[in-house]
K.L.:
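If you scroll down you'll find the structure; I have some questions about it.
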Amino acid sequence: MSELDPDFADTAPEPVFEAAPDRVFDPASDPGFAERHGVLTRGYGHRPDPEDPAKVQAMPIVLHIPKVDPPARSAVLEAAAMATVALCFDPRVGPGPDGEPGPWQEPFLAWNDARIRKVARRARGAHWRAAQDVDGVTVDHAGAQARAFVPGPVGELDPRISRLQIGGTDLPHDDPPPPADGVPVLWVQKDLAMTVGKAAAQVGHAAMLFAGALDVDTARAWASDGFPCAVRDADEATWRELLARVEAGTAVAVRDAGFTEVAPGSITVIAVPGTVDERA
């Protein structure tokens with residue numbers, strides 16, 4: 001890697017970026033929220049992939065992983081999940097108040113009606129700052145940052161994103177505290193040994209599926225809180241319990257298509273509703 005590459009030469013502390021004010025909305029008073037929720041409830045994969053691989057639809061996700069003092073793996077994955085579902089509910093992916101399509105509606109629906117592919121990349125320094133100017137939503141969470149971008153054909157990816165590396169940097173598994181009461185948990189199958197990029201795409205899938213499985217009022221309440229979620233690794237015993245919950249219909253599972261890292265049909269993440277400590 002050239003020492004002139006600003007993405008990797010930057011070692012100084014970096015400024016924190018938050019979502020711009022125009023990306024904030026109030027789910028309680030948003031008349032289009034129910035329609036956007038209905039898109040997720042309807043599901044995806046309603047049409048086959050195009051024959052031209054360059055026309056395949058994907059949502060890019062960029063993870064901010066500085067060289068100095070990188071964030072915890074669980075926090076990065078939580079930020080990725082929150083950014084993904086936040087973009088899915090952004091008013092710009094639905095019709096505006098005048099009934100006309102929002103600026104992101106057409107590309108978002110084209111992606112959601114096909115396979116909901118996501119490709120996670122990593123950035124730092126100048127490359128992370130440049131990514132903020134590409135249409136999307138950034139989430140700043142627990143010292144970690146991730147940005148989900150408006151989906152589109154993989155062959156037409158903005159060069160500010162396409163130049164970013166998909167692999168190369170991983171983060172060690174950490175030991176976060178127990179999830180807060182009432183916060184949904186996205187359990188990752190630890191035995192699959194997914195990279196942080198692969199896991200980020202999978203928890204993004206899980207957040208979408210979980211949101212679509214909620215009734216609209218519960219989804220609205222979750223949105224009002226900023227889509228908080230916890231990402232945790234599941235050991236073998238926990239995973240067996242989670243699979244039983246999927247069979248019982250009290251959890252939602254992500255089954256991977258097997259394009260990268262894992263075998264087709266592998267269950268990678270299981271999302272469960274949060275629990276409330278009733279002793280309080």
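All heavy atoms count here, side chains included; hydrogens, waters and symmetry mates do not.
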K.L.:
Do any pairs count as a salt bridge (charged side-chain N to carboxylate O under 4.0 Å, His left out) and have a residue in residues 155-164, sequence neighbours left out, and if so which ones?
P.N.:
Lys55-Glu156, Asp158-Arg160
K.L.:
Do the side chain of Ser266 and the main chain of Asp256 share a donor and acceptor less than 3.5 angstrom apart?
P.N.:
no
K.L.:
Hey, are the side chains of Arg92 and Phe108 touching, using non-hydrogen atoms and a 4.5 Å cut-off?
P.N.:
no
K.L.:
In the single-linkage hydrophobic clustering (I, L, V, M, F, W, Y; side-chain heavy atoms under 4.5 Å), do Tyr44 and Val203 co-cluster?
P.N.:
yes
K.L.:
Keeping the roles fixed (side chain from Asp90, backbone from Val93), state whether a donor-acceptor pair exists under 3.5 Å.
P.N.:
no
K.L.:
Considering only residues two or more places apart or on different chains, which pairs with a residue in residues 65-100 satisfy ring pair (Phe, Tyr, Trp, His ring centres under 6.0 Å)?
P.N.:
Phe33-Phe89, Phe89-Phe227
K.L.:
Would Asp235 and Lys190 count as a salt bridge (charged side-chain N to carboxylate O under 4.0 Å, His left out) here? Give the steps.
P.N.:
CA-CA 6 Å; Asp235 58 24; Lys190 189 174 182 179; over 6 Å; no
K.L.:
Would you mind checking if Arg220 and Asp30 are paired as a salt bridge, meaning a charged N to carboxylate O distance below 4.0 Å?
P.N.:
no
K.L.:
Answer whether the closest heavy-atom distance between the side chains of Glu100 and Pro95 falls below 4.5 Å.
P.N.:
no
K.L.:
Spell out, yes or no, whether Val196 and Leu192 are grouped together once hydrophobic residues are joined by side-chain heavy atoms under 4.5 Å, including indirect joins.
P.N.:
yes
K.L.:
Using only atom types and a distance under 3.5 Å, with no angle test, would you say the side chain of Arg129 pairs donor to acceptor with the backbone of Arg124?
P.N.:
no
K.L.:
Can you name the nearest heavy-atom pair linking Ile161 to Ala131, along with the distance?
P.N.:
CD1-CB, 3.9 Å
K.L.:
Do Val183 and Val85 sit in the same hydrophobic cluster, where Ile, Leu, Val, Met, Phe, Trp and Tyr count as joined when their side-chain heavy atoms come under 4.5 Å apart?
P.N.:
no
K.L.:
Applying ring pair (Phe, Tyr, Trp, His ring centres under 6.0 Å) as the test, list every pair that has at least one member in residues 182-210; sequence neighbours left out.
P.N.:
Phe210-Trp222
K.L.:
Looking only at atom types and distance, does a side-chain atom of Asp49 sit under 3.5 Å from a main-chain N or O of Ala114, one as donor and one as acceptor?
P.N.:
no
K.L.:
Test Thr195 against Asp170 for side chain to side chain donor-acceptor pair (under 3.5 Å), laying out the working first.
P.N.:
CA-CA 6 Å; Thr195 64; Asp170 209 348; 5.3 Å; no
K.L.:
Going by atom types only, do Thr138 and Gln132 share a side-chain donor-acceptor pair under 3.5 Å?
P.N.:
yes
K.L.:
Tell me the closest heavy-atom pair linking Thr41 and Gly212, and the distance in Å.
P.N.:
OG1-O, 3.2 Å
K.L.:
Quick one: closest heavy-atom pair of Ala253 and Leu209, and the distance?
P.N.:
O-CD1, 3.6 Å
K.L.:
Hey, is the main chain of Leu63 close enough, under 3.5 Å, to the side chain of Arg122 for a donor-acceptor pair?
P.N.:
no
K.L.:
So, His64 side chain and Arg147 main chain: donor-acceptor pair closer than 3.5 Å or not?
P.N.:
no
K.L.:
Between Arg255 (side chain) and Ile267 (backbone), is there a donor-acceptor pair under 3.5 Å?
P.N.:
no
K.L.:
Can any side-chain N or O of Arg245 pair as donor or acceptor with the backbone N or O of Glu241 at less than 3.5 Å?
P.N.:
no
K.L.:
How many angstroms lie between atom CH2 of Trp104 and atom CG of Leu87, to the nearest 0.5 angstrom?
P.N.:
5.5 Å
K.L.:
Quick check: closest heavy atoms across Trp111 and Lys118, and the distance to 0.1 Å?
P.N.:
CZ2-NZ, 4.0 Å
K.L.:
Tell me, yes or no, whether the heavy-atom count around Asp175 atom CG, taken from other residues, nucleotides or ligands under 6.0 Å, exceeds 12.
P.N.:
no
K.L.:
Are Met59 and Ile116 packed together at the side-chain level, in the sense that at least one heavy-atom pair is separated by less than 4.5 angstrom?
P.N.:
no
K.L.:
Taking only Lys NZ, Arg NE, NH1 and NH2, and the carboxylate oxygens of Asp or Glu, determine whether Asp113 and Arg42 approach each other closer than 4.0 Å.
P.N.:
yes
K.L.:
For the residue pair Cys229 and Leu186, establish whether any side-chain heavy-atom pair is separated by less than 4.5 Å.
P.N.:
yes
K.L.:
Hey, does the side chain of His37 reach the backbone of Leu214 with a donor-acceptor pair shorter than 3.5 angstrom?
P.N.:
yes
K.L.:
For the pair Glu78 (side chain) and Val231 (backbone), establish whether a donor and an acceptor sit closer than 3.5 Å, ignoring hydrogens and angles.
P.N.:
yes
K.L.:
Would you say Pro71 and Pro66 make side-chain contact, with heavy atoms under 4.5 Å?
P.N.:
yes
K.L.:
CG of Leu77 to CE of Met82: how many Å apart, nearest 0.5 Å?
P.N.:
12.5 Å
K.L.:
Taking C-beta and beyond as the side chain, do Glu106 and Pro101 meet within less than 4.5 Å on heavy atoms?
P.N.:
no
